[in-house]
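Just the heavy atoms: all of them, side chains too, but no hydrogens, waters or symmetry mates, feed the values below. In the text below, chain A, chain B and the rest are named by the order of the sequence lines, each starting its count at 1.
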Amino acid sequence: MTDPRLRVWLLVCVCTLALVVESLPALGALAVLPAVALLLHPQVGGWRLRILGLYALFAWSTAFSQALFYAEFPRTPLLRLGPVVFWREGALYGLAQSLRFMATLSAGVLLAVSTPVDRLTAGLVALRVPYGLVLMATAAVRFVPVVGREWLSIRAARARRGRPAWRRPPWALLRLELSLLLPLVARSLRRARALAESLETRGFDPLGGVTGPPLRATAAELVVGGATGLLTGGAIAARGLFWAYAAELWYHPGLRPLYAFVRGWL
Amino acid sequence: MIQLRAAGWRYPGGSRVGPVDLEVRAGELVVLTGPTGCGKSTLLRLAAGLLQRHGAGVAEGEVRVGGRDPAGLVAAERVRALGFVAQDPEDQLVGTGVTAEVAFALHAAGTPTEEVGPRVEAALARVGLAGHGGGDPAQFSGGMRQRLVIAAALAAGARALLLDEPLAQLDPQGAAEVVRVVRGLAAEGVAVLMVEHRLEHVWDHAHRLVLMDEGRVVADPLLDIAALRPLRLRPPARVDLDARLGGGPWRRRPEAPRPVPPVAAGAAVLDLAEVDLVRRDDWRLRVAAFRVGRGERVALVGANGSGKSTLLQVAAGQLPAGRRRAGRVVDVPQDPDLALFCPTVREELAYGPREAGQDPDPMVRRWARALAVDELLDRPPQALSRGQRLRVAVAAAGACGPHLLVLDEPTSGQDLGQVDRMFAGLEAELGDAALLYACHDLDVVLRHATRVVALADGRIVADGPPRDVLPRAGLPLPDLARLCLELDLPHAPTEAVAAWLERR
């Protein structure tokens, strides 16, 4: 099984690159890799179409809203519908934002579904993340699917007691969906209280340390981790140099190929 | 070891639990019982120091665990002083695996890393889970999970154990396992204070029973079981019968058993055929045919993992498998919270009739009265006790006017009196609609089912009248059920059985 520290490290690199990179092809590659890995993971099972639908919905809605409300210059009209103008730069900006979201979400969910909670805890502890945060993260990973299942159960119970949800006006449908929050929150609070009492009497101290079994990375894992770190570090450095050049703070003629690369690919 | 002197808790609204004097010595297993809402759990959390640290209210009197105030202990001291176990094992596990779960307290207590492994093994062995260190708690039975929670609570060497209804969510087998472990821990010198109302499981094992009512201890020790009756608490049937009949004679078999009345079923409201369902872990439910007729009261019985809940899900249409023909089926899951989504009880009960285009008021009145929730109509369901929430969920399902009402463990967390009232209400309102439920409590099954279906390893192994099926279902029969079967009596509360025996 892969060293959990490498998995966490890959997630950190993907998230960092999603912030640093601005080029659409690079962001696309960054989003597609973890998304494909997530969709191919057996744990995802019957959720593949829903995940794809969620990605498509998010990409479309972000690009659409940004195209409509984009206020930066220069901008070029993509489509005119009377007084309403859709701006090309806005649509591209929205698409970039949605790709960032897809990349980080896919990588995060992939880590959560593919790493047993005990391994994830061990990895985070070994990476010296504060124990309070580790426990919060692992409890969230454990209980998010539980809450998801409960949400589906409540919807199913509601459906069996009445008409299908879609057979009502949109405002009534929205109110009905929002009403599901109440039992979910109540159930989660009860669970949180039980877990908190259990942890407190088991000596949980959010500021205290914890020791775990030692983890050993293989040579291949070290190479992958190192290469990814170099790639991420290189992207940050290149973006920083380009920013210094664009802001007219520092320029070196020997870096012109780098500036061209960043402009075209990062 | 555990001492409460004039201890109590005053809530901001003015209500109060205590003052209570109670002592549990090392090696003693004390069971604290009393009606729902009498303050047992409050007292237990006071003894654990949880209320003093986090509760809204004021602590009174003195609480000592191992000679020290539990509220003043730092984490590493607390974990060596006491262990606390609540009702639902699922909610108490962080989900980090068996070994890590037990090691949690050891790490918190600053145990050197090289000692953690052997101590985890020792803690698991103490609760009968030796060799399960690499297991997945999600695959454990309820009893195993609760024993894991106990191991995790005591791993760091705590000498006091506080348990809040640890048997409430368990089947009889799981409950027996947990009680055996708890008794063993007491024999090792651990002071155990257990809140419990399922007295039949703990009666023979407790060193002392303490009775609470309205925030006070009313009997310590409880010597006269007559004190339980006004509080609607039931001692084990054989103890009750011994007390009523002077012991002994009720165990003798009568000369001529009465014939079992045949069960007549109406037209089918549920017809399942060729059900073959395989889960990810290769567990399989195979049912060639299963039919429920109008007016039937069908109980599914079987050990944990036998397939009761899965068959109910197939019956309710939640899991598509095989061929299914059914009238209108409404179900209530084991966790009633998953069936409650309206802001008030009234709206919860009105939801189904309103969706069907009917005037909801008559149904709300009928079902609220039948399930004894008519005084709760304007309260939010989520603010009620578990037993009340369950009754609201059942009433809301019944108010939809189903042809088949499906209930998963409708007795969990309720005493027999509450269960009897619930089934009486269902009987009054269901009419010729059918009832299908999974149930661990064989007293309830014998008393209220017209037909029993026994499952084992995903297959139906027996199907027929309760008196035919229960003795060969391979499940341990409770005393009262066994007595009623042996004497061929209709199942009834112990007082009625005692009166019948006296007349004989």
Side-chain angles (χ1 to χ4, degrees), chain A residues 42 45 116-122 125 131 135 138-139 141-143 146 149-158 160-163 167-168 176 179-187 189-214, chain B residues 45 48 50 53-54 74-76 78-80 82-88 90-97 99-100 103-105 107-109 113 116 149 152-153 155-156 162 316-318 329-333 335 337-343 351-352 354-356 380-383 396-397 400:
Chain A
V117 176
D118 56 332
R119 299 278 297 166
L120 186 60
T121 307
V125 166
Y131 191 48
L135 202 75
T138 49
V141 167
R142 167 158 140 68
F143 286 115
V146 175
R149 278 198 300 274
E150 288 178 352
W151 179 68
L152 292 175
S153 297
I154 298 169
R155 291 187 87 227
R158 185 191 66 193
R160 285 190 294 278
R161 276 168 51 192
R163 292 170 293 159
R167 271 199 214 161
R168 57 196 86 211
L176 202 61
S179 70
L180 296 188
L181 287 176
L182 186 71
L184 278 181
V185 170
R187 183 75 188 88
L189 284 175
R190 284 197 191 94
R191 182 184 299 116
R193 177 187 155 157
L195 184 62
E197 284 182 342
S198 173
L199 291 181
E200 179 159 358
T201 49
R202 283 157 68 186
F204 171 63
D205 179 1
L207 302 176
V210 68
T211 51
Chain B
R45 282 168 173 77
L50 290 166
R53 281 196 295 277
H54 305 295
V74 298
R78 197 159 55 233
V79 75
R80 285 192 217 102
L82 63 93
F84 180 85
V85 175
Q87 254 188 33
D88 191 347
E90 186 66 26
D91 290 350
Q92 299 167 77
L93 297 172
V94 187
T96 47
T99 298
F104 189 102
H107 292 309
T113 310
V116 169
V149 173
L162 306 162
Q318 293 174 42
V329 181
V330 181
D331 68 318
V332 178
D335 183 350
D337 293 347
L338 302 181
L340 302 172
F341 49 86
C342 293
Y351 183 85
R354 193 174 282 139
E355 286 282 297
Q382 303 296 341
C400 297

What are the two closest non-hydrogen atoms of [X] and [Y], and how far apart are they?
| X | Y | result |
| --- | --- | --- |
| B:Asp337 | A:Arg187 | OD2-CD, 3.5 Å |
| A:Leu182 | B:Cys342 | CD2-O, 4.1 Å |
| A:Phe143 | B:Leu93 | CZ-O, 4.1 Å |
| A:Arg161 | B:Ala339 | NH1-O, 2.8 Å |

Sorted by chain and residue number, the side-chain hydrogen bond (donor to acceptor under 3.5 Å, both in side chains) partners of B:Gln318 (sequence neighbours excluded) come out as B:Asp331

Counting only non-hydrogen atoms closer than 4.5 Å, does [X] touch chain A with its backbone (N, CA, C, O), its side chain (CB onward), both, or neither?
| X | value |
| --- | --- |
| B:Ala152 | both |
| B:Ala396 | both |
| B:Gln87 | neither |
| B:Arg53 | side chain |
| B:Leu50 | side chain |

Does a side-chain heavy-atom distance below 4.5 Å link [X] with [Y]?
| X | Y | value |
| --- | --- | --- |
| A:Leu189 | B:Gln382 | no |
| B:Arg45 | A:Thr201 | no |
| A:Thr121 | B:Phe104 | no |
| B:Tyr351 | A:Arg158 | yes |
| A:Arg190 | B:Asp88 | no |

Note: vs chain A, highest number of non-hydrogen pairs under 4.5 angstrom among B:Asp335, B:Val85, B:Val149 is B:Asp335

Name the region of [X], side chain, backbone, both or neither, that has any atom closer than 4.5 Å to a heavy atom of chain B.
| X | value |
| --- | --- |
| A:Leu176 | side chain |
| A:Phe204 | both |
| A:Arg155 | neither |

Sequence neighbours excluded, the answer for salt bridge (Lys or Arg N to Asp or Glu O under 4.0 Å) partners of B:Arg354 is none

Salt-bridge criterion met for B:Glu355 and A:Arg168 (N-O under 4.0 Å) = yes

* Asked: What residue, out of A:Leu199, A:Leu184, A:Leu180, has the most heavy-atom pairs lying under 4.5 Å from chain B?
  ->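 Option with the greatest count: A:Leu199.
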
Greatest number of non-hydrogen atom pairs under 4.5 angstrom with chain B, of A:Ala196, A:Ser179, A:Ala157, falls to A:Ser179

